[in-house]
Peer 1: 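Let me begin by handing over the structure; questions about it come next.
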Amino acid sequence: MKIMVAIKRVVDYAVKIRMSMNPFCEIALEEALKIKESGFASEVVSVSMGPTQCVDTLRTSLAMGADRAIHVDTKEMLYPLSVAKLLKALVDVEKPGILILGKQAIDDDCNQTGQMVAGLLNWPQGTFASKVVLDKEKNVATVDREVDGGIETLSLDLPVVLTTDLRLNQPRYATLPNIMKAKSKVIKKFTPQDLNVEIRSDLEVVEVTEPPKRKAGVLVSSVDELIDKLKNEARVI
């Protein structure tokens, strides 16, 4: 069986400005690699969509252990429905038994793509997965998913779409030898036109700005001074 993993390139949340793999996509990739290592799957294929720079993120996935990578090359702004349509087209080409995505991206927090692609494929879906157990004999995935009331357990026939929650696993680090090997691996390229998918959106991003910087704190020498500043400068009391 083949597993496909969707990967998004986002602004790194831990530094000022740096692009990296979406953390939930790292968890999705780790789960795919664990499933392969258990003997349930024979191949892990990572997929990313966007400009040429996405290739760097795909090479990270190869260094972590993915067998192959696919880049859908486009400069168009991609919203969840467009991504879902592209993933559906790639599933039709690659025929994976499991499609794994992060539950959301940290740049837009949409949490829509997995559900949309499951609908387009007419596959069962296990979203917010915190535990995944596969049964080879029955060809079934048992998924624990985190809901408001606690943990919900689903039994899903394969093929299936899974989206990963934070507590599913701890992603591995790419080793230096694997990073060097990944640099020479060929990444297959498609365009939306190759996949017969039209990129359309009813949204337009007018402007993106950073939030205003916070002012430095002030040390006070007494409670009376603190009360005075809260009253007369901050005007909160």
Side-chain angles (χ1 to χ4, degrees), residues 1-75 78 83 86-87 90-91 93-109 113-114 117 129-132 134 161-192 194-195:
M1 186 188 70
K2 183 188 301 181
I3 304 174
M4 184 179 288
V5 183
I7 290 171
K8 186 174 184 182
R9 179 174 177 265
V10 299
V11 174
D12 194 328
Y13 62 93
V15 297
K16 179 67 174 177
I17 291 292
R18 186 174 75 89
M19 305 303 288
S20 67
M21 188 187 300
N22 180 50
F24 289 105
C25 297
E26 290 182 337
I27 295 170
L29 178 58
E30 175 64 25
E31 193 65 19
L33 296 173
K34 289 173 64 178
I35 292 172
K36 180 191 171 186
E37 290 165 355
S38 73
F40 198 91
S42 59
E43 187 179 31
V44 173
V45 182
S46 59
V47 176
S48 192
M49 304 169 189
T52 304
Q53 292 88 336
C54 290
V55 170
D56 295 335
T57 310
L58 285 171
R59 294 208 183 278
T60 300
S61 73
L62 293 169
M64 288 175 66
D67 299 288
R68 291 191 291 118
I70 297 173
H71 175 215
V72 180
D73 191 1
T74 177
K75 295 181 181 178
L78 294 175
V83 175
L86 290 169
L87 283 174
L90 287 172
V91 167
V93 172
E94 291 286 333
K95 302 292 191 294
I98 303 176
L99 173 61
I100 310 181
L101 309 86
K103 70 171 184 178
Q104 65 195 75
I106 62 170
D107 53 358
D108 55 22
D109 285 330
T113 306
V117 72
S130 59
K131 183 180 179 182
V132 176
L134 299 173
V161 175
L162 303 176
T163 73
T164 60
D165 210 337
L166 188 64
R167 281 158 286 282
L168 180 59
N169 61 51
Q170 179 63 45
R172 68 194 67 187
Y173 290 102
T175 63
L176 182 58
N178 286 339
I179 292 173
M180 300 306 294
K181 290 177 184 176
K183 290 183 178 180
S184 61
K185 290 187 177 181
V186 176
I187 295 176
K188 191 172 183 178
K189 285 189 178 290
F190 287 96
T191 64
D194 295 333
L195 298 170

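Hydrogens, waters and symmetry mates are skipped; everything else that's a heavy atom, side chains included, is used.
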Peer 1: Check whether any side-chain N or O of Asn22 sits under 3.5 Å from a backbone N or O of Ile106 as a donor-acceptor pair, and report yes or no.
Peer 2: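 Looks like yes, one N/O pair under 3.5 Å.
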Peer 1: Are there over 12 heavy-atom neighbours, none belonging to Lys181, within less than 6.0 Å of that residue's NZ?
Peer 2: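 12 or below, so no.
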Peer 1: Working to the nearest 0.5 Å, report the span between CZ of Arg68 and CD of Glu94.
Peer 2: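 Answer for the CZ-CD pair, Arg68 versus Glu94, is 4.5 Å.
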Peer 1: Could you walk me through whether Ile35 and Ile100 pass the side-chain contact (heavy atoms from CB on, under 4.5 Å) test, one step at a time?
Peer 2: CA-CA 11 Å; Ile35 292 172; Ile100 310 181; 4.3 Å; yes
Peer 1: Rounded to the nearest 0.5 Å, how far apart are CG of Leu62 and OG1 of Thr57?
Peer 2: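 Answer for the CG-OG1 pair, Leu62 versus Thr57, is 11.0 Å.
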Peer 1: So, taking the atom named CD in Glu30 and the one named OG in Ser61, what distance separates them when rounded to the nearest 0.5 Å?
Peer 2: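 If I round to the nearest 0.5 Å, the distance is 12.5 Å.
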Peer 1: What are the two closest heavy atoms between Leu78 and Gly50, and how far apart are they?
Peer 2: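 Minimum heavy-atom separation between Leu78 and Gly50: CD1-N, 4.2 Å.
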Peer 1: Is any side-chain heavy atom of Val5 closer than 4.5 Å to one of Cys25?
Peer 2: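 No - every pair of side-chain heavy atoms lies 4.5 Å or more apart.
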Peer 1: Using a 6.0 Å cut-off, check whether atom NZ of Lys188 has over 12 heavy atoms from anything other than its own residue.
Peer 2: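 Result for NZ/Lys188: open.
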Peer 1: Hey, is the main chain of Met1 close enough, under 3.5 Å, to the side chain of Ser42 for a donor-acceptor pair?
Peer 2: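 Between the backbone of Met1 and the side chain of Ser42 there is a qualifying donor-acceptor contact (under 3.5 Å).
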Peer 1: Check Leu29 against Ala66 and note the closest heavy-atom contact, atom names and distance.
Peer 2: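 Leu29 and Ala66 have their closest heavy atoms at CD1-CB, 4.2 Å.
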Peer 1: Say whether, by atom type as modelled, one donor and one acceptor occur between the side chain of Arg59 and the main chain of Ala182 under 3.5 angstrom.
Peer 2: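 Checking the backbone N and O of Ala182 against the side chain of Arg59, a donor-acceptor pair under 3.5 Å is found.
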Peer 1: Do Val117 and Val91 come within less than 4.5 Å of each other through their side chains, counting heavy atoms only?
Peer 2: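 No, their side chains stay 4.5 Å or more apart.
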Peer 1: Do Asn169 side-chain atoms and Ile27 backbone N/O form a donor-acceptor pair below 3.5 Å?
Peer 2: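 At least one qualifying donor-acceptor pair exists.
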Peer 1: Would you name the heavy atoms of Ala63 and Asn178 that are closest together and state the gap between them?
Peer 2: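 Here Ala63 and Asn178 meet closest at O-CB, 3.2 Å.
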Peer 1: Judged by atom type as modelled, is there a donor-acceptor pair below 3.5 Å linking the side chain of Asp67 to the main-chain atoms of Val44?
Peer 2: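 Here the side-chain-to-backbone pair exists.
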Peer 1: Sorted by first residue and then second, give each side-chain hydrogen bond (donor to acceptor under 3.5 Å, both in side chains) pair with at least one member in residues 98-109; sequence neighbours left out.
Peer 2: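 For residues 98-109, and leaving out neighbouring residues, the side-chain hydrogen bond (donor to acceptor under 3.5 Å, both in side chains) pairs sorted by first residue read Lys8-Asp107, Lys8-Asp108, Lys103-Asp165, Gln104-Asp109.
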Peer 1: Please report the interatomic distance CD(Glu43) to CE(Met4), rounded to the nearest 0.5 Å.
Peer 2: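 So the gap between those two atoms works out to 9.5 Å.
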Peer 1: Going through the checks in order, is the side-chain contact (heavy atoms from CB on, under 4.5 Å) test met by Leu134 and Val132?
Peer 2: CA-CA 7 Å; Leu134 299 173; Val132 176; 4.2 Å; yes
Peer 1: Any chance you could measure Asp194, atom CG, to Leu86, atom CG, to the nearest 0.5 Å?
Peer 2: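 Nearest 0.5 Å value for the CG-CG distance: 11.0 Å.
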Peer 1: Looking only at heavy atoms, what is the nearest atom pair of Ser46 and Leu58, with distance?
Peer 2: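 For Ser46 and Leu58, the tightest heavy-atom pair comes out as OG-CD2, 3.7 Å.
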Peer 1: Please round to the nearest 0.5 Å and tell me the distance separating atom CE of Met180 and atom NZ of Lys183.
Peer 2: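 That separation rounds to 4.5 Å.
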Peer 1: Minimum heavy-atom separation for Met64 to Arg172, with atom names?
Peer 2: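 Heavy-atom minimum between the residues: O-CD, 3.5 Å.
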Peer 1: Indicate the atoms forming the closest heavy-atom contact of Ile70 with Phe190, along with that distance.
Peer 2: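 Here Ile70 and Phe190 meet closest at CG2-CD1, 3.6 Å.
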Peer 1: Quick check: do Glu31 and Ile98 have side-chain heavy atoms less than 4.5 Å from each other?
Peer 2: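 Not in contact.
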Peer 1: Is there a side-chain contact between Leu101 and Leu87 (heavy atoms, below 4.5 Å)?
Peer 2: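 Leu101 vs Leu87: side chains touch.
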Peer 1: Measure from the side-chain N and O atoms of His71 to the backbone N and O of Gln53, and report whether any donor-acceptor pair falls under 3.5 Å.
Peer 2: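 It does not hold such a pair.
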Peer 1: Could you tell me whether a side-chain N or O of Thr60 sits under 3.5 Å from a main-chain N or O of Asp56, the two making a donor and an acceptor?
Peer 2: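 Such a contact is found between Thr60 side chain and Asp56 backbone.
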